[in-house]
Amino acid sequence: MSKASAVPPIHDITTDVTNPPEFVAITPLCEGAPNSIAYEGGEVTKQQLEAYPEIKTQLLPQPANEVYIAAEKAIEALGWERVNDGALPNTLEATDTTAWFGFKDDVVIRLTAKSDDTLVDIRSKSRVGKSDLGKNAERIETFMAELRNQLGYH
């Protein structure tokens with residue numbers, strides 16, 4: 001419960017609050033879920049920026065195709081279920097099922113080429129619950145660490 005009072009009561013975290021990565025492939029799997037797939041913005045954005053200032057777009061010094069392959073490997077290493085059908089170009093979508101209660105949280109990773117570098121944006125969202133107890137921010141950080149590991153950073 002101490003964790004619940006330390007984090008804002010939000011369940012949708014993204015590295016890009018002005019243009020969050022869009023769920024497409026996962027949308028049919030979320031039919032009937034209590035939490036909408038749409039990004040709410042407003043107060044949610046304000047609370048996220050205050051609680052998680054470190055959650056922001058990452059710039060990696062590799063081309064997008066290399067980062068994409070590493071992202072696929074990171075998703076696999078983390079044990080997330082990849083959802084491919086209908087995903088946007090340079091975008092990966094996956095579902096992480098929490099160990100404790102079996103809640104399904106969805107993740108979308110968007111890669112944007114910038115010269116020879118790649119901008120990485122991630123959005124992690126819970127299908128159920130008002131507060132994620134900080135899990136989505138933690139998931140984004142865990143993914144970025146695993147992505148860097150797959151790219152050979154140590």
For this session: Any chance you could measure Arg123, atom CZ, to Tyr39, atom OH, to the nearest 0.5 Å?
Result: 7.5 Å

Seminar exercise, completed: Residues Tyr68 and Arg82: closest non-hydrogen pair is OH-NH2, 3.0 Å

Exercise. Any side-chain heavy atom of Phe143 sitting closer than 4.5 Å to one from Ser124?
Worked result: no

Problem set entry | Ion pair check, Lys73 and Glu76, cut-off under 4.0 Å | no

Exercise. How about Thr57 and Asp16: does a side-chain donor come under 3.5 Å of a side-chain acceptor?
Worked result: no

Problem set entry | Heavy-atom side-chain proximity of Asn90 to Thr112 below 4.5 angstrom | no

For this session: Look only at the side chain of Ser36 and the backbone of Ala38, and say whether a donor-acceptor pair between them is shorter than 3.5 Å.
Result: yes

Problem set entry | Full working for side-chain hydrogen bond (donor to acceptor under 3.5 Å, both in side chains) between Thr97 and Lys104 | CA-CA 5 Å; Thr97 303; Lys104 293 193 180 294; 3.2 Å; yes

Seminar exercise, completed: The residue among Ile13, Asp132, Leu78, Thr98 that forms side-chain contact (heavy atoms from CB on, under 4.5 Å) with Arg139 is Thr98

Exercise. Between Val108 and Glu22, is any pair of side-chain heavy atoms under 4.5 Å apart?
Worked result: no

Problem set entry | Partner set under side chain to side chain contact (heavy atoms under 4.5 Å, CB included) for Asn35, not counting sequence neighbours | His11, Lys125, Ser126

Exercise. Got Pro9 and Gln47 here, is their nearest side-chain heavy-atom distance under 4.5 Å?
Worked result: yes

For this session: Find out whether Glu40 and Asp12 are in side-chain contact, i.e. whether some heavy atom of one side chain is under 4.5 Å from a heavy atom of the other.
Result: no

Seminar exercise, completed: Rounded to the nearest 0.5 Å, the CD atom of Gln62 sits from the CG atom of Asp117 at a distance of 8.5 Å

Exercise. Is atom CG of Asn84 surrounded by more than 12 heavy atoms (other residues, nucleotides or ligands) closer than 6.0 Å?
Worked result: yes

Exercise. Does Arg127 reach the main-chain N or O of Leu29 with its side chain, forming a donor-acceptor pair under 3.5 Å?
Worked result: yes

For this session: Run through Val120, Leu119, Asn65, Asp121 and flag the one making a side-chain contact (heavy atoms from CB on, under 4.5 Å) with Leu111.
Result: Val120

For this session: Quick one: closest heavy-atom pair of Cys30 and Asp106, and the distance?
Result: SG-OD2, 3.2 Å

Exercise. Side chains of Thr95 and Ile26: closer than 4.5 Å at any heavy-atom pair?
Worked result: yes

Exercise. How about Ile55 and Glu141: do any of their side-chain heavy atoms sit closer than 4.5 Å?
Worked result: yes

Exercise. With respect to Arg110, which candidate in Leu88, Thr14, Thr91 satisfies the side-chain contact (heavy atoms from CB on, under 4.5 Å) definition?
Worked result: Thr91

